[in-house]
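The next block holds one structure in the form of structure tokens; read it before the comments.
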Amino acid sequence: SRLWMRHTSAATGKKGIAATLYAPSQISLETDDANVSIVEDTYYPFDGEIRFYFTTTRPVSFPFTYRIPNWCDDYTLLLNGKRLPSEAKKGTFATLERTFQTGDVLTLRLTMKPRVVEALGHQGRYVECGPLLFSYAIPEHWEEDSEVHANLNQLEQREGDAICEQDNDVIMATAIW
């Protein structure tokens, strides 16, 4: 699964786990001769709160890495309801190295504020809220066409207007309409 990845801490060399994508899930692993289970509970991407529930066979220290998405300007990290300091920047990963035990709950609250964004080339605007993008549906106009056409432009190809070329065993055909 790409939701979870095993990794080794650059700071301590200890093997740990990284929550790379957020969705309801569970992982079990063994580290320092202890069995660890982590349950991820979230409604992400519709809600910015992600909760990790830890169950261990004994208290065990390992690095737990989490992702701060690039769209997230502000977030809060809580362990068992108490705020933890974290200086990770958006678009990066942060690692919490500590001793985890059964009953620990790590909560990541990603602030999801709606904002209006100008589309590239000034071709309109859209609303972002966290990882979600909202846009106005283009009005549709339906007109049934049951007539059979030789091509979509209703043009007839003239004889001799097709050009075929071969380059490195690839045949390219170009038609002039």
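Throughout, residue positions are numbered sequentially from 1 according to the sequence presented. Since the model is a prediction, treat every value here as computed from it, not as a measurement.
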#### Entry: CA sep, side-chain torsions, deciding dist, call: Ile38, Tyr53, side-chain contact (heavy atoms from CB on, under 4.5 Å)
CA-CA 5 Å; Ile38 306 169; Tyr53 297 90; over 6 Å; no
### Message
Assess, by modelled atom type and distance only, whether the side chains of Gln26 and Ser37 contain a donor and an acceptor separated by less than 3.5 Å.
### Response
yes
### Task
Kindly work out whether a path of hydrophobic side-chain contacts (I/L/V/M/F/W/Y, heavy atoms less than 4.5 Å apart) joins Ile17 to Leu84.
yes
### Query
Can you find a side-chain donor-acceptor pair between Tyr66 and Ser86 that sits under 3.5 Å?
yes
### Asp73 with Lys89: basic N within carboxylate O range, under 4.0 Å
no
### Query
Would Tyr75 end up clustered with Tyr22 when hydrophobic side chains under 4.5 Å apart are linked, directly or stepwise?
yes
### Task
Might you work through the side-chain contact (heavy atoms from CB on, under 4.5 Å) test for Glu49 and Thr107, ending with a clear yes or no?
CA-CA 7 Å; Glu49 186 166 294; Thr107 304; 3.7 Å; yes
### Intermediate values then yes/no, side-chain contact (heavy atoms from CB on, under 4.5 Å), Arg58 and Asp32
CA-CA 10 Å; Arg58 64 172 177 77; Asp32 285 342; 3.8 Å; yes
#### Entry: Distance, nearest 0.5 Å, that separates OH of Tyr44 from CG of Leu21
8.5 Å
### Task
Measure from the side-chain N and O atoms of Ser25 to the backbone N and O of Glu40, and report whether any donor-acceptor pair falls under 3.5 Å.
no
### Task
Taking the side chain as every heavy atom from C-beta outward, state whether Leu110 and Pro69 have any atom pair closer than 4.5 Å.
yes
### Query
How about Phe62 and Val36: do any of their side-chain heavy atoms sit closer than 4.5 Å?
yes
### Query
Given side chains that start at C-beta, do those of Arg98 and Asp104 come closer than 4.5 Å, heavy atoms only?
yes
### Query
Are any of the side-chain heavy atoms of Ile68 and Leu108 separated by less than 4.5 Å?
yes
### Task
Can you measure from CZ (Arg115) to CH2 (Trp71) and round to the nearest 0.5 angstrom?
9.0 Å
### Query
With distance as the sole criterion, is a donor-acceptor pair present between the side chains of Gln101 and Thr56 under 3.5 Å?
no
### Message
What verdict does the side-chain contact (heavy atoms from CB on, under 4.5 Å) test give for Phe54 and Val105, after you've listed the backbone C-alpha separation in whole Å, the side-chain angles of each residue and the deciding distance to 0.1 Å?
### Response
CA-CA 6 Å; Phe54 293 82; Val105 179; over 6 Å; no
### Message
Testing the basics here: between Tyr126 and Phe134, what is the closest heavy-atom pair and its distance to 0.1 Å?
### Response
CB-O, 3.4 Å
### Query
Between atom CG of Leu77 and atom CD of Glu87, what is the distance when rounded to the nearest 0.5 Å?
12.5 Å
### Query
Hey, any chance Val127 and Phe46 share a hydrophobic cluster, counting ILVMFWY side chains that come within less than 4.5 Å of each other, even indirectly?
yes
### Message
Within this structure, what is the CZ-OG1 distance for the pair Phe64 and Thr95, rounded to the nearest 0.5 Å?
### Response
9.5 Å
### Task
For the residue pair Thr92 and Lys90, establish whether any side-chain heavy-atom pair is separated by less than 4.5 Å.
no
### Message
For residues Leu79 and Val60: do they belong to one hydrophobic cluster (side chain heavy atoms under 4.5 Å, members Ile, Leu, Val, Met, Phe, Trp, Tyr)?
### Response
yes
